[in-house]
Amino acid sequence: MFKKIMKGGHRKPSKSDATDPSLYGFGPSGNRNSGSVSTTNVVVNHASRPGPAASGPNSNWAPGVMMLTPPTGTIEPLPLFRDAPASERQNLFIRKLQICCYQFDFSDTMKSAREKEIKRQTLMELVDVIQSGSGKITETCQEEMIRMISVNIFRGLPPASYENTGQENADPEEDEPYLEPSWPHLQIVYELLLRYVVSSDTDTKIAKRYIDHSFVLKLLDLFDSEDPREREYLKTILHRIYGKFMVHRPFIRKAINNIFYRFIYETERHSGVGELLEILGSIINGFALPMKEEHKLFLVRALIPLHKPKSIAIYHQQLSYCITQFVEKDFKLADTVIRGLLKYWPLINCQKEVLFLGELEEVLEATQSAEFQRCMVPLFRQIARCLNSSHFQVSERALFLWNNEHIVGLIAQNRAVILPIIFQALEKNIQSHWNQAVHGLTVNVRKMFIEMDEELFDECERQYIEKEMKAKEVEEQRELAWKRLADVAHRVETAW
C-alpha cells in the first residue's frame with residue numbers, strides 16, 4: 001500500500017541499511033556508508049531571526065532549535081538521518097516531527113508548493129524510520145510523533161454534501177465521493193500511525209500513554225469523513241489498535257455503540273457505519289463462548305436497530321455479516337434476530353424488503369429446529385405478505401427461500417403449521433400475479449408441498465375453497481343488503 005504513495009525524489013534505505021540499528025540512532029551505533037541521497041528535509045527559519053549558524057562541514061545541523069512554525073516562517077532543508085551524527089539523530093527525529101506540524105492550504109495547489117513537497121518528503125522519511133524496524137524509539141520521540149500525527153489528522157471535517165442540500169445520504173457507488181484536498185500529506189501521516197501501531201518494536205505499555213481513550217475517541221470522530229480513502233485507513237488502524245491494546249477493547253466497543261445509538265435515534269446520518277461494522281465483524285468472529293451478556297445486549301440494542309434507518313442499503317452487507325456471525329456463534333440467538341428483523345420490517349420500501357429477505361435467508365441457514373419453531377408463525381405470516389407483493393423482486397426473493405435445502409428441511413419438518421399460513425398466498429399468486437417468473441416459481445413451490453405431504457395439501461385446499469365460498473357468500477349478502485337499502489331510498493324519494 002505504501003509503495004503506491006512513494007513517488008520520485010525519495011530513495012528508500014537498502015536492505016543492509018534497514019537492518020543496521022545505528023542508521024536512525026535508536027540503537028547502538030556502528031559503522032555505515034552514508035550513500036547518496038536525493039531527499040531533502042527541513043528546518044523552519046523565521047523572518048524575525050536568522051537560520052542556524054553555518055559552521056563546519058555539517059552547516060545544516062543545528063541541535064536544539066525550537067521548531068515553531070508561524071505562517072510567516074520559511075522552510076529550509078534539514079539533513080537526512082544518515083548524514084547526521086549518531087548522537088544527534090534522536091534530536092533530528094524530533095525536529096523533523098515538529099516541522100511536520102506545519103499546516104498548509106491545500107485549496108490552492110500552487111501555494112507553498114515547495115514547502116508542501118519538503119514536508120511530504122520528510123513524512124516519507126519518518127515512515128521509513130518506523131518501517132525499517134531498526135530499533136525501539138524513545139518515549140520522548142513517541143510522544144512527539146503522536147503529537148504531530150494528532151495535529152495533522154484531528155481536524156474539523158467539512159460539512160457533508162447532504163447537509164447543504166438536505167438530501168438523504170447518497171449511495172457511494174452511484175455518486176462521486178468527496179476527496180480530501182490535503183490527502184497527499186494526510187495519507188502519509190496515516191501510514192506513519194499505522195506502521196507505529198503494528199511495529200513489533202512498539203511497546204504497548206508506553207504507547208498506551210499516548211494512544212489513550214481521548215486519542216481513540218478522536219479517531220472514531222474521523223469515521224464520519226466523506227473521503228473513502230481516509231475511512232479505509234481509519235478502519236485498518238482502529239482494528240490494529242483493538243488487537244494490540246487489549247486495555248482499550250471494552251472502551252472501543254462502548255464508543256462504537258454510542259456512535260450507532262446517535263446514528264439510529266438522532267441523526268440517521270454517518271459516513272463510516274459500514275467501516276465500523278467491518279471492524280465489528282472481525283471482533284464478533286473472535287468472541288469466546290459462552291458469549292458474554294454484554295455482547296448479546298450489543299446485538300439487541302445496537303445491531304438489530306441498525307435495520308431501522310432509511311440508508312441501510314449503504315452498510316447492509318456489513319451489518320448482515322455481523323448479525324449472521326452472532327447466530328453462527330450461538331444458534332440460540334436465531335429467534336431473537338428473526339423477531340428483531342420482523343420488528344423493523346419495511347412497510348413501503350421494496351428495495352429494503354429485498355435486503356431483509358436476503359439477510360433472513362443467511363440467518364435461517366444457521367438456525368436450528370428448536371429456534372425455528374419459536375418464531376415460524378410470525379415469520380411465515382410476513383413471508384406470505386412478501387409472496388403477494390406487487391413488486392416482483394420482493395415476491396421473487398421470498399420464493400427463492402425454497403431453493404435453500406436447509407430452509408426447505410425446516411419447512412418440511414413443520415409443514416403442518418407453515419402450509420396453512422402461506423397456502424392462500426400461493427393460490428393468489430397462481431391465479432392473479434402479473435409477473436410470469438413469480439407465477440412459475442409459485443407453481444414450483446406448490447409442487448414441493450404436494451410432494452412433502454399430499455394429504456395435508458388436499459386438506460389445506462379444501463379449507464381454502466370453503467373459505468373462498470364463505471367469502472363469496474358474505475360478499476353477495478353485502479351487495480344484496482346495499483341493493484335493498486337503495487330500493488328503500490328510492491321509494492322514500494318517490495313518495496316525497
Side-chain angles (χ1 to χ4, degrees), residues 153-155 157 160-162 168-173 177-178 180 186 190 193-194 197-198 211-246 248-287 291-292 294-326 329 337 340 344 355 359 362:
I153 68 173
F154 297 147
R155 66 207 189 281
L157 296 174
S161 56
Y162 56 75
E168 298 297 329
N169 282 20
D171 187 338
E173 295 182 359
Y178 167 81
E180 171 62 52
L186 207 56
Y190 275 120
L193 176 57
L194 177 60
V197 170
V198 303
I211 300 181
D212 55 9
H213 287 180
S214 175
F215 187 90
V216 169
L217 280 177
K218 290 175 182 176
L219 274 183
L220 285 166
D221 285 341
L222 291 171
F223 272 87
D224 202 17
S225 169
E226 285 195 283
D227 193 326
R229 303 169 300 179
E230 182 168 15
R231 297 199 305 271
E232 190 67 23
Y233 259 105
L234 287 164
K235 178 187 71 176
T236 305
I237 290 167
L238 187 65
H239 191 194
R240 296 288 189 161
I241 289 173
Y242 187 91
K244 191 159 190 170
F245 297 82
M246 295 185 66
H248 290 338
R249 290 183 179 181
F251 179 80
I252 291 174
R253 292 196 300 268
K254 185 176 181 181
I256 293 175
N257 246 357
N258 292 335
I259 291 174
F260 287 165
Y261 291 154
R262 187 160 183 258
F263 171 69
I264 296 164
Y265 300 110
E266 294 181 23
T267 65
E268 287 200 10
R269 288 170 172 175
H270 195 284
S271 300
V273 173
E275 285 79 8
L276 291 172
L277 285 169
E278 281 189 55
I279 297 171
L280 287 169
S282 179
I283 292 172
I284 294 165
N285 192 36
F287 283 166
M291 200 174 293
K292 294 179 181 178
E294 169 204 345
H295 303 327
K296 295 179 183 178
L297 287 174
F298 170 69
L299 169 67
V300 173
R301 295 177 179 177
L303 287 185
I304 291 177
L306 275 172
H307 291 85
K308 178 176 175 281
K310 295 177 182 178
S311 57
I312 184 175
I314 298 174
Y315 58 83
H316 180 263
Q317 183 179 355
Q318 297 92 328
L319 176 60
S320 179
Y321 177 78
C322 290
I323 295 286
T324 308
Q325 285 288 303
F326 265 102
K329 281 278 181 182
V337 168
Y344 294 104
L355 295 177
E359 182 178 351
E362 293 183 9

Minimum heavy-atom distance between L355 and A313, given as atom pair plus value:
CD1-CA, 3.8 Å
I'd like to check V273 versus I259 (side-chain heavy atoms, cut-off strictly below 4.5 Å). Are they in contact?
no
Sorted by chain and residue number, the salt bridge (charged side-chain N to carboxylate O under 4.0 Å, His left out) partners of K218 (sequence neighbours excluded) come out as none
Please list, chain by chain and in numerical order, all residues satisfying salt bridge (charged side-chain N to carboxylate O under 4.0 Å, His left out) with R249, sequence neighbours excluded.
none
Hits for salt bridge (charged side-chain N to carboxylate O under 4.0 Å, His left out) against D221, two or more places apart or cross-chain, chain-then-number order -> none
With sequence neighbours left out, what residues match E362 under salt bridge (charged side-chain N to carboxylate O under 4.0 Å, His left out)?
none
For S225 against S271, the heavy-atom pair lying closest together:
O-CB, 3.4 Å
Is a side-chain N or O of Y242 found less than 3.5 angstrom from the main chain of I279, in a donor-acceptor match?
no
Report yes or no: do R301 and Y261 form a side-chain donor-acceptor pair below 3.5 Å?
no
For a quick test of reading the model, state the closest non-hydrogen atom pair linking K329 to I284 and the distance between them.
CE-O, 3.5 Å
Has S320 got a side-chain atom pairing as donor or acceptor with H316's backbone, closer than 3.5 angstrom?
no
Gap between atom CD1 of I237 and atom CD1 of I211 - 0.5 Å precision
9.0 Å
Rounding to 0.5 Å, atoms CZ (R262) and OG1 (T267) come to a distance of 5.5 Å
Is a side-chain N or O of H239 found less than 3.5 angstrom from the main chain of S282, in a donor-acceptor match?
no
Whether over 12 other heavy atoms sit under 6.0 Å from Q317 CD:
no
Under 4.5 Å between any side-chain heavy atoms of Y315 and C322, yes or no?
no
Where at least one partner belongs to residues 272-287, residue pairs that pass salt bridge (charged side-chain N to carboxylate O under 4.0 Å, His left out), sequence neighbours excluded:
R231-E275, K235-E278
Starting at CG of L234, measure out to CG of L194 and round the result to the nearest 0.5 Å.
11.0 Å
One should read off an interatomic distance between L219 CG and I252 CD1, to the nearest 0.5 angstrom, of 9.0 Å
Centroid separation under 6.0 Å, is that true for the rings of F245 and F215?
no
Got a sec, which residues hit side-chain contact (heavy atoms from CB on, under 4.5 Å) with R155, two or more places apart in sequence or on another chain?
L157, E180, L186, Y190, L222, E230
List the steps, then state whether side-chain contact (heavy atoms from CB on, under 4.5 Å) holds for F223 with H270.
CA-CA 8 Å; F223 272 87; H270 195 284; 4.0 Å; yes
Heavy atoms of I314 and Q318 approach each other most closely as O-OE1, 4.2 Å
On the 0 to 90° scale, with breaks at 30° and 60°, tag the H295-F287 ring pair as parallel, tilted or perpendicular.
parallel
Any chance you could measure F263, atom CZ, to R269, atom CZ, to the nearest 0.5 Å?
10.5 Å
Looking only at heavy atoms, which two atoms of L303 and H307 are closest? And how far apart?
O-ND1, 3.6 Å
Give the ring-plane orientation class for H213 versus F251, where under 30° counts as parallel, over 60° as perpendicular and anything between as tilted.
parallel
CG/N258 to CG/L220 distance, rounded to the nearest 0.5 angstrom?
10.0 Å
Relative to the ring of F260, is the ring of F298 parallel (under 30°), tilted (30 to 60°) or perpendicular (over 60°)?
parallel
Of all heavy-atom pairs linking I264 and K308, the shortest is O-NZ, 3.8 Å
Counting C-beta onward and ignoring hydrogens, is there a side-chain heavy-atom pair between L280 and I283 closer than 4.5 Å?
yes
